[in-house]
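Atoms within a ligand are numbered from 1 in the order they appear, just like the ligands themselves.
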Amino acid sequence: MTHGHAHGVGTTDPVIVLNGVHVALSDARISVLDRGFLFGDAVFEVLRVYGRAPFALDEHLARLGRSLEGFRIEPSFPMAELRREVHEAIQLLAHDDAYVRVMVSRGEGALHLDPRRARGPTTRVVIAAPLLALPADLYDGVSIATVRAERSTDHTRAAGAKTAAYVANLLALQVAQERGAYEAAFTASDGSISEGHSSNLFVVRGGEVLTPPLSSGILGGITRALVIEAARDEGVTLRERLLFVSDFERADEAFLTSSLREVVPITAIDGVRIGDGQPGPVTRRLHARYAQRVRAR
Ligand code: PDD
């Protein structure tokens, strides 16, 4: 089988490595009895590829291991094998800037929720695809909407795991979109804001950066961790605490972070403009410092 490996032009089929084997997209099938399909009993990672190099692969695989642990899913393969498969998928895709998704489910089993009924090996899928075009004006700033919602892993021993069952995130995104916003901000019953539906959140006020702590049940974003280091490198004070809408409304700047989008300025929350409604200087400095770290790797 051939892939349209036209370098960098046109659309290219995603490259699939299924349980260690490169298969054509049309042959990339899993059982309807796979627990990832039946119950969302699976975890995943998404990482960005710059110039055919997977960025922060070690951090992503380490987090995948923690997510598996949170679900008590025993991988039936060595994690180092995933590293090889990610590199193989990237090489086969032959696109400089790409997106890689790694998914691991508990595997196939009986039509029963009981995880002990899972039999046989875990299912693993590595997908490499050209990076989806980001909105051209993304870095001019986006709006977020507070959505009252919990993550499916909140207050569980899998808190912070990147579960494939992204139903809470999907529903929150739908509500945010209906309000004309770009990203949903998970908001708890006490009004505290923890993270975006697919990002971590930061505000800047009086030169100080604030971002919610991991204890709030958020995903320990890899971009978030590197931006925290970037703030230290830049000599910018950063404190971790829960955020409220008032923190955003009083902020000089705000931004979100994620592997695929790096650092995106936030210029409005629930229709209220943040700062002067323009990307702020600290946001730009931290993004530049982050980009430097990407190049340095
Ligand atoms: N989002 N929080 C949530 C709920 C996420 O889904 C993501 C990633 C993040 C950012 O984590 P990191 O910096 O490790 O990518 C935080 C998707 C996969 C993305 O847009 O990358």
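In terms of polar-atom proximity, Ile222 is counted as a contact of ligand 1, with an N or O under 3.5 Å from an N or O of the ligand. For the pair Ser258 and ligand 1, the shortest N or O to N or O distance falls below 3.5 Å.
Judged by distance alone, the side chain of Ser76 and the main-chain N or O of Thr122 form a donor-acceptor pair under 3.5 Å. Asp34 places no side-chain N or O within 3.5 Å of a backbone atom of Ser105 that could act as its donor or acceptor partner. Checking side-chain atoms of Glu253 against main-chain N and O of Thr283 turns up a donor-acceptor pair under 3.5 Å.
Taking all atoms of both residues into account, the shortest heavy-atom contact from Ile73 to Pro75 is O-CD, 3.3 Å.
In this structure, CD1 in Ile30 is found 8.0 Å from CE in Met103, a value given to the nearest 0.5 Å. Atom-to-atom distance recorded for Thr257:OG1 and Ile228:CD1 is 8.5 Å, nearest 0.5 angstrom. Put simply, OH on Tyr139 and CZ on Phe255 are 13.0 Å apart, with the number rounded to the nearest 0.5 Å. With rounding to the nearest 0.5 Å, the separation of CG in Leu210 from CZ in Arg205 is 9.0 Å.
Taking the centre and axis of the six-membered ring of Tyr99, the NZ or CZ atom of Arg48 falls outside the cone set by 45° and 6.0 Å.
Close approach of ligand 1 to Asn169 is summarised as follows: ligand atoms under 4.0 Å from at least one heavy atom of the residue are 4 (C). Each of the following atoms of ligand 1 lies closer than 4.0 Å to a heavy atom of Asn200: 10 (C), 16 (C). Below 4.0 Å from some heavy atom of Tyr166 lie the following atoms of ligand 1, by number and element: 3 (C), 4 (C), 5 (C), 6 (O). Numbered from 1 in the order shown, with element, the atoms of ligand 1 that lie under 4.0 Å from a heavy atom of Val46 read 18 (C). The distance from ligand 1 to the heavy atoms of Gly221 drops below 4.0 Å at these ligand atoms: 11 (O), 12 (P), 13 (O), 14 (O). Residue Leu260 has at least one heavy-atom neighbour below 4.0 Å for each of these atoms of ligand 1: 21 (O). Close approach to Glu195 involves these atoms of ligand 1, each under 4.0 Å from a residue heavy atom: 2 (N), 3 (C), 4 (C), 16 (C). Close approach of ligand 1 to Thr223 (heavy-atom distance below 4.0 Å) involves ligand atoms 12 (P), 13 (O).
Proximity of Glu45 to ligand 1 is not established, as no heavy-atom distance is less than 4.0 Å. Residue contacts with ligand 1 leave out Arg48, since none of its heavy atoms falls under 4.0 Å from the ligand.
For the pair Arg151 and Glu195, the salt-bridge criterion is met [side-chain N within less than 4.0 Å of a carboxylate O].
With respect to atom 15 (O) of ligand 1, the closest heavy atom belonging to the protein is Ser259 OG, 2.6 Å. The nearest protein atom to atom 1 (N) of ligand 1, hydrogens excluded, is given as Ser198 O, 3.1 Å; this is a heavy-atom distance. Here the protein heavy atom with the shortest distance to atom 8 (C) of ligand 1 is Lys162 NZ, 3.1 Å.
Under the 4.5 Å side-chain heavy-atom criterion for grouping Ile, Leu, Val, Met, Phe, Trp and Tyr, Val104 is connected to Phe71 within one hydrophobic cluster.
Residue-level proximity to ligand 1 for Leu219 is carried by the side chain, the only part with a heavy atom below 4.0 angstrom.
Heavy-atom proximity to atom 14 (O) of ligand 1, evaluated over Arg151, Arg63, Glu262, Arg224, is greatest for Arg63.
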